[in-house]
Amino acid sequence: MAQQDDVFKKIVSHAKEYGFVFPSSEIYDGLSAVYDYGQNGVELKNNIKRYWWDSMTLLHENIVGIDSAIFMHPTIWKASGHVDAFNDPLIDNRDSKKRYRADVLIEDQIAKIDDKIAKEVAKAAKRFGEAFDEAQFRATNTRVLEYQAKRDALHERFSQAMNDNNLDELRQIILDEEIVCPISGTKNWTEVRQFNLMFKTEMGSTADGAMNVYLRPETAQGIFVNYLNVQKTGRMRIPFGIAQIGKAFRNEIVARQFIFRMREFEQMEMQFFVRPGEELKWFGQWKEWRLKWHKALGMGDEKYRYHDHEKLAHYANAATDIEFRMPFGFKEVEGIHSRTNFDLSQHEKFSGKKIQYFDPELNESYTPYVIETSIGVDRMFLSVLCSAYEEEQLPGGDTRTVLHLPAPLAPVKCAVLPLVRKDGLPEKAREIVDDLKFDFATHYEEKDAIGKRYRRQDAIGTPFCITVDHQTLEDNTVTLRERDSMEQTRVNIADLHTLIHDRVSLSALLRKLK
Ligand code: ATP
């Protein structure tokens, strides 16, 4: 674990050193859980967003996009349930004065037991070798059975308390499990209280009477309240979807793990409107499509898993997370929810406007049911960064730090490097840049030795380096160096475009989703 913490720290400092992510307001000592994206970060982020957007709107003819405002009528948040129920249970440690989410403290305790079980299994697998039967071991080993029983009982009690919104019971679990504050090491806990995560501000001058408005905690409601507009003006027929990318804000109690949990972040959400009764079929379909979207990036299928929810939100009849193996464990990157007709019905009730769909095939009107896919851009960014980062040992004892970014997501696609800064090589290199830049994000770099320049491009994940040398002037060939293998091949300038395009184009990635 300590080793993983180290790796994570290195990734965070790499992200800063190479212009991916900066702490917000850094010259004023930062603002907790708020981050800025730098010159490379913004490109990577835009590429992630483009991949998602195109996969939704280009590949599905029944999905269209919108861009709704962050400010919305405050009654929307009453209707959606956020004013009354968008809460996290918080608890303070009196000695360290640190604040925690009570549910997270208990989830961490459950994860600790899971770790113990995993360790027993790993030990036995090593001992028995080939002959090891994991299922049988788990079903018969007394120590594993003891841990499992403890885990199940704790999990059951926790789920019950969460379902009942029983804050006293949550506190009691923390006491009974003897959970200590990681900072003070004591069990001196306060009561558990509910804390609403929405940021509130005022709109309008006070002379006119200001109105309290919220910064949206999710983009989804902007889609729901535009359902009728889009359905009517786009002549959409069910099933159809509306996609949106935009900022969301949550006053998170415990903001940690870099850009994993931020107070200002970005979401990519798609609401898919379906016939009542068909929602679970579509839920299953979207679960499958979304995992495929992640896996197409080629970061390793073993890094993903589904986590089906046992405790469902008040509006949902099925929910699952797609989790990614971060250096600090498997964590939610995307949520897929079957939200029933809760939101549209609520808006119908609170606005007094009829929000129905007339289904010409059934010859009846109904309130559509909704499948939602909701992914955080920043969490996706973090998963890509963590998976890409490597301190690679090279033959000869050298190491290089390289980002094996999926090529279509890389901020820079190719760098053109004149071997020396004279003899007409810079001019020739510029010619190549001037041709490639219309299709690919292309860098020109002439400073420092070539090896150093390669390493700098490796560190930001540039898939290709093109080196212009004296031979180039004679025969119009260059060396094309590939980031991951570091292989160099001599190629014709005329072939560069096709060679690069095959690897870095978003369309090749999208084709994998067919
Ligand atoms: P968590 O349980 O981690 O708080 P959540 O279940 O509340 O997340 P959702 O409301 O389902 O999250 O939001 C959908 C997606 O938005 C999440 O899967 C995540 O990628 C992203 N997200 C949510 N909260 C944050 C945050 N504070 N910072 C960054 N991304 C977030």
Side-chain angles (χ1 to χ4, degrees), residues 21 24 31-37 41 45 48-49 52 77 80-82 85-90 100-108 110-111 158 162 195-199 215-224 243-271 283 286-287 290-291 293-294 304-316 318-324 326 328-339 342-343 370-386:
V21 183
S24 157
L31 183 65
S32 170
V34 187
Y35 290 89
D36 298 336
Y37 286 84
K45 199 178 182 209
I48 291 172
K49 290 195 271 186
W52 184 86
W77 304 111
S80 68
H82 283 81
F86 194 53
N87 300 318
D88 275 342
L90 69 83
Y100 298 91
R101 265 173 66 177
D103 55 332
V104 172
L105 285 179
I106 300 170
E107 276 168 5
D108 286 351
I110 293 172
F158 170 55
M162 290 295 283
F195 177 77
N196 193 287
L197 300 181
M198 282 200 294
F199 285 100
L215 296 187
R216 65 181 178 197
E218 61 174 30
T219 57
Q221 298 304 323
I223 293 179
F224 290 125
Q244 162 154 249
I245 300 179
K247 289 271 181 154
F249 304 83
R250 295 182 189 178
N251 198 1
E252 298 281 359
I253 298 169
V254 188
R256 53 177 180 175
Q257 282 150 341
F258 191 38
I259 55 172
F260 182 79
R261 192 172 296 288
M262 301 156 90
R263 296 205 164 104
E264 173 180 343
F265 57 101
E266 212 165 348
Q267 288 186 315
M268 306 189 278
E269 296 199 297
M270 194 279 302
Q271 314 290 326
F283 173 74
W286 277 105
K287 236 176 109 164
R290 291 306 305 148
L291 189 60
W293 181 90
H294 286 274
Y304 302 91
R305 71 179 188 196
Y306 290 122
H307 169 229
D308 294 326
H309 285 213
E310 282 142 55
K311 182 196 179 231
L312 293 171
H314 56 283
Y315 50 75
T320 200
D321 296 335
I322 294 179
E323 295 187 336
F324 184 83
M326 303 277 188
F328 42 90
F330 271 98
K331 296 285 168 192
E332 170 184 345
V333 172
E334 170 157 8
I336 301 157
H337 312 119
S338 173
R339 284 174 85 126
F342 173 79
D343 301 86
V370 173
I371 306 303
E372 162 183 86
T373 71
S374 171
I375 166 169
V377 181
D378 313 88
R379 281 197 195 171
M380 184 62 202
F381 184 109
L382 185 60
S383 68
V384 171
L385 198 64
C386 291

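Along the sequence shown, the residues carry numbers beginning at 1. Computed from a predicted model, the values in this text were never measured in an experiment. Just follow the structure's listing: the first ligand is 1, and inside any ligand the first atom is 1.
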Review point. Going by distance alone, is a donor N or O of one side chain under 3.5 Å from an acceptor N or O of the other, for His82 and Gln221?
Key: no

Review point. Going by distance alone, is a donor N or O of one side chain under 3.5 Å from an acceptor N or O of the other, for Glu269 and Thr219?
Key: yes

Point to revise | Which residues share a ring-ring contact (aromatic ring centres under 6.0 Å, His included) with Tyr35, sequence neighbours left out | key: Phe258

Review point. Does Tyr100 have any ring-ring contact (aromatic ring centres under 6.0 Å, His included) partners at least two apart in sequence or in another chain, and if so, which?
Key: Trp189

Revision key, fill the gap. Residues with a heavy atom under 4.0 Å from ligand 1, by chain and number, are Arg101, Arg250, Glu252, Phe260, Arg261, Met262, Phe265, Gln267, Glu332, Val333, Glu334, Gly335, His337, Ser374, Gly376, Arg379

Exercise for review: Please identify each residue that fulfils salt bridge (Lys or Arg N to Asp or Glu O under 4.0 Å) with Lys331, with sequence neighbours left out.
Suggested key: none

**Study point:** Pairwise side-chain contact, Gln271 with Asp343, heavy-atom cut-off 4.5 Å (strictly under)
**Key:** no

